[in-house]
Amino acid sequence: MAGTFRFTFGPWNIHEGADPFGPTVRPAIAFEKKLPLYRELGFEGVQFHDDDAVPNLNQLAPAQVLAAAKDVRRQLDAHGLTAEFVAPRLWEDPRTIDGGYTANDPACRQYAIDRSRQAVDIANALGTKLIVLWLAREGTYLREAKDSKVAVERIAAAIDVLLKHDPEIRIAIEAKPNEPMDHTYIPTTGHAIGLAALTVAPERVGVVIESAHAILAGLDPSDEMGYALACKKLWSVHLNDQNGLKFDEDRAFGAVDLRRALNQVRILDAHGYGNHGEWVGLDVKAIRTQKPEAALKHLRNSRAVFLRLLELSRGISQTRWAELVADRDYEELDMLILDALMGAKG
Ligand code: GLO
Ligand code: MG
């Protein structure tokens with residue numbers, strides 16, 4: 001059963017290049033100016049943080065927030081675009097310094113829950129029922145600062161509030177082991193799926209898997225995807241690439257390890273990913289050196305690499321592959337894959 005592939009990215013993937021040690025290096029592009037670029041680059045869907053859709057939402061009354069979100073919906077319609085998901089941004093406000101749902105201060109925890117509930121309302125206004133939770137600050141820099149059992153229970157309780165707030169939403173957890181925290185409480189796909197089981201509606205809690213996050217956890221992204229597919233929990237992917245265990249590089253898909261990228265495409269395609277409306281998200285950023293006029297190529301390239309790897313993957317002889325597996329000739333299988341990746345001999 002082959003997959004069906006449509007692509008999305010978030011406004012943050014057209015990025016100004018700031019990093020922890022230096023300011024922006026490219027001018028900001030207004031959201032309205034980004035929208036027409038989506039179709040030009042071959043993308044049909046938009047991923048949102050709550051405040052990508054409604055900037056300064058903490059300063060607005062609920063009715064104003066909804067009106068602003070509805071206006072964004074009209075802009076999406078005008079460009080023939082669909083909202084894939086909304087993610088509450090729980091990592092920038094002063095009240096989320098010590099975490100969102102796991103903050104030690106109850107007033108801060110309440111803020112995180114209220115803001116997430118509002119993200120669900122924004123998602124409804126944008127026409128999507130998918131909420132992504134990247135639990136950026138649900139962890140510690142100092143192990144003794146929080147109780148990990150209580151922390152996980154608090155995350156599950158916050159998710160329960162959202163599931164009850166709208167009985168139709170589904171929540172995809174985006175696991176990441178570190179950065180900005182030293183350690184997070186939900187570092188891997190397995191943790192996220194275990195967390196789903198602690199909630200009031202496990203069938204409505206799944207995952208979005210980011211390649212770089214799996215690599216940072218020392219895991220293979222395609223195997224993480226296989227695990228989530230087996231659990232029927234793979235509701236989105238954030239494809240990108242990552243050069244080893246360092247900061248989250250958000251490199252273009254396939255830029256570091258083509259074979260690892262091929263295996264992600266292969267597992268998605270082999271199991272009909274996208275046939276139920278799942279999107280392929282590319283959570284990539286242009287490297288800091290890129291000049292402003294060329295700072296969209298990482299998106300174009302990531303999509304192109306995905307599609308070329310799809311063609312390549314489908315072109316490998318399945319008969320030969322099966323023969324080699326049956327014969328346990330994995331050295332020859334290794335060469336079959338390497339030959340495919342290197343292309344025909346000149
Ligand atoms: C950072 C994450 C981030 C999320 C986004 C959506 O490491 O990958 O980009 O995907 O905030 O929640
Ligand atoms: Mg991501």
Side-chain angles (χ1 to χ4, degrees), residues 7-20 31 34 43 45-55 57 83-93 96 99-101 112 115-116 118-120 122-123 126 128 130-139 155 158-159 162 169-189 192 205-217 219 221 224-225 228 234-243 245-253 264 278-286 298-299 302:
F7 299 89
T8 63
F9 67 86
W12 64 89
N13 296 116
I14 301 176
H15 187 253
E16 297 81 39
D19 70 16
F31 175 70
K34 289 180 181 175
F43 290 75
V46 183
Q47 309 182 342
F48 286 94
H49 294 122
D50 48 4
D51 58 2
D52 292 325
V54 186
L57 53 83
E84 183 195 358
F85 67 68
V86 175
R89 197 195 293 274
L90 297 177
W91 51 92
E92 287 184 358
D93 192 274
T96 59
Y101 311 140
R115 176 142 176 176
S116 306
Q118 190 162 47
V120 173
I122 292 172
L126 294 179
T128 177
L130 187 64
I131 300 298
V132 161
L133 294 181
W134 172 41
L135 301 167
R137 296 199 188 274
E138 312 304 357
I155 299 171
I159 292 175
L162 304 184
I169 55 151
R170 291 182 309 143
I171 296 180
I173 313 270
E174 183 173 342
K176 183 177 181 182
N178 62 291
E179 199 206 33
M181 311 309 291
D182 173 43
H183 279 288
T184 67
Y185 292 123
I186 309 297
T188 70
T189 306
V205 182
V207 297
V208 41
I209 294 183
E210 174 157 326
S211 324
H213 298 181
I215 297 162
L216 287 169
L219 298 169
E224 289 287 275
M225 289 171 192
L234 190 58
W235 298 345
S236 188
V237 289
H238 268 182
L239 303 185
N240 55 18
D241 214 349
Q242 172 71 25
N243 191 18
L245 302 181
K246 44 185 87 169
F247 64 95
D248 184 0
E249 298 182 313
D250 291 334
R251 291 296 318 281
F253 184 54
Q264 293 169 70
E278 305 91 343
W279 293 84
V280 175
L282 291 160
D283 199 359
V284 291
K285 292 209 181 81
H298 59 303
L299 290 159
S302 294

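Order of listing sets the numbers, starting from 1, for every ligand and every atom in it.
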Hey, is the main chain of [Y] close enough, under 3.5 Å, to the side chain of [X] for a donor-acceptor pair?
X    : Y    : value
Q242 : E249 : yes
R137 : G100 : no
H213 : A175 : yes
S302 : A252 : no
H298 : N13  : yes
E138 : Y101 : yes

Examine the proximity of ligand 1 to [X] and report which part, side chain or backbone, both or neither, has a heavy atom under 4.0 Å away.
X    : value
R89  : neither
Q47  : neither
E179 : neither

[atom]: which protein heavy atom is closest, and how many Å away?
atom                    : result
atom 11 (O) of ligand 1 : H49 NE2, 2.6 Å
atom 2 (C) of ligand 1  : E174 OE2, 3.4 Å
atom 9 (O) of ligand 1  : D283 OD2, 2.9 Å

Item to complete: Calculate, to the nearest 0.5 Å, the distance between atoms CD and CG belonging to Q47 and D283 respectively.
Response: 6.5 Å

For [X], side-chain contact (heavy atoms from CB on, under 4.5 Å) partners two or more places apart:
X    : value
A228 : T189, I193, V207, I209, L234
E179 : K176, F247, D248
A123 : V86, T128, I131

With a cut-off of 4.0 Å, which atoms of ligand 1 are near a heavy atom of [X]?
X    : value
H213 : 1 (C), 2 (C), 7 (O), 8 (O)
A87  : 12 (O)
D248 : 1 (C), 7 (O)
E210 : 8 (O)
H238 : 10 (O)
V132 : 12 (O)

Worksheet item: Under a heavy-atom criterion of less than 4.0 Å, does W91 contact ligand 1?
Response: yes

Worksheet item: Does any N or O atom in K176 lie less than 3.5 angstrom from one in ligand 1, N or O only?
Response: yes

Item to complete: Decide ring pair (Phe, Tyr, Trp, His ring centres under 6.0 Å) for W91 and H49; before the verdict, give the C-alpha distance in whole Å, the side-chain angles of both, and the deciding distance to 0.1 Å.
Response: CA-CA 11 Å; W91 51 92; H49 294 122; 5.3 Å; yes

Worksheet item: Which residues and atoms, protein N, O or S only, are under 2.8 Å from the Mg ion (ligand 2)?
Response: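 Sorted hits: E174 OE2, E210 OE1, H238 ND1, D283 OD2.
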
Practice prompt. Considering non-hydrogen atoms only, spot the tightest contact between W12 and K285 and give its length.
Written response: O-CE, 3.8 Å

